[in-house]
Amino acid sequence: MLLVPIFGFASATNTLVSYSIGNKTPENIWPIIKRSLAMAMSGMIVLVMLGMLFPRQIIRVYTSIESIIDATVPVFYVIMLSSLAIAFG
C-alpha cells in the first residue's frame, strides 16, 4: 500500500534525470533528485502519521478478527516507520 507512491516518485525521478542527461543539462540532476526526495518524504510523512494515528481502522479494512488486529498493530508500526527509510533511499 505504501510502496505505490514511493515507486511512483522513483519512476518519475528516473524519467526526469534521464531526460536531463539526454538534454545535456547534468546541472539539473541534483535539483531534480532533491525536489523529488522532498516531495516523496513529505507525502510519506503524512501517510505514516495517518497510519500511526489510526492503525486499527486501517487493519480492519483487511480483517475483522480482533486477535489478528491485536497481533498486527506492532508489525504495522514497524512497516510505517520503515516506509520512511524506503522513501529516503
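In this chain, numbering begins with 1 at the start of the sequence shown.
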Inset, instruction - Output the rest of the hydrophobic cluster of Val75: all Ile, Leu, Val, Met, Phe, Trp and Tyr residues reachable through side-chain heavy-atom contacts under 4.5 Å, sorted by chain and number. - result: Ile79
Legend entry - Distance in Å, Ser64 OG paired with Ile59 CD1, rounded so as to fall on 0.5 Å steps: 12.5 Å
Inset, instruction - Mark yes when over 12 heavy atoms from residues, nucleotides or ligands other than Met52 sit less than 6.0 Å from its CE; otherwise mark no. - result: yes
Legend entry - Shortest non-hydrogen separation from Ile58 to Leu50 and the atoms involved: CD1-O, 4.3 Å
Legend entry - Pairs where residues 69-81 contributes a residue and the test side-chain hydrogen bond (donor to acceptor under 3.5 Å, both in side chains) is met, not counting sequence neighbours: Arg56-Asp70
Legend entry - side-chain hydrogen bond (donor to acceptor under 3.5 Å, both in side chains): pairs with one or both residues in residues 37-49, sequence neighbours excluded: none
Exercise answer: donor-acceptor pairs, residues 5-23 side-chain atoms, under 3.5 Å, sequence neighbours excluded:
| from | atom 1 | to | atom 2 | distance (Å) |
| --- | --- | --- | --- | --- |
| Thr13 | OG1 | Phe9 | O | 2.7 |
| Thr13 | OG1 | Ser36 | OG | 2.3 |
| Thr15 | OG1 | Ser11 | O | 3.0 |
| Ser18 | OG | Asn14 | O | 2.9 |
| Ser20 | OG | Thr25 | O | 2.5 |
| Ser20 | OG | Thr25 | OG1 | 3.2 |

Legend entry - Same cluster (ILVMFWY, side-chain, under 4.5 Å), Phe54 and Val48: no
Inset, instruction - Verify the cluster assignment for Met41 and Ile33: are they in a single hydrophobic cluster under the rule of side-chain heavy atoms below 4.5 Å apart? - result: no
Legend entry - Sequence neighbours excluded, every pair satisfying salt bridge (Lys or Arg N to Asp or Glu O under 4.0 Å) that has a member inside residues 5-16: none
Legend entry - Fellow cluster residues of Ile68, listed by chain then number, with links counted only when side-chain atoms sit under 4.5 Å apart: Ile65
Legend entry - Pairs touching residues 8-22 that satisfy salt bridge (Lys or Arg N to Asp or Glu O under 4.0 Å), sequence neighbours left out: none
Inset, instruction - Using the test side chain to side chain contact (heavy atoms under 4.5 Å, CB included), find all partners of Arg35 that sit at least two apart in sequence or belong to another chain. - result: Pro31, Met39
Legend entry - By side-chain hydrogen bond (donor to acceptor under 3.5 Å, both in side chains) - contacts of Glu66 (at least two apart): Arg60
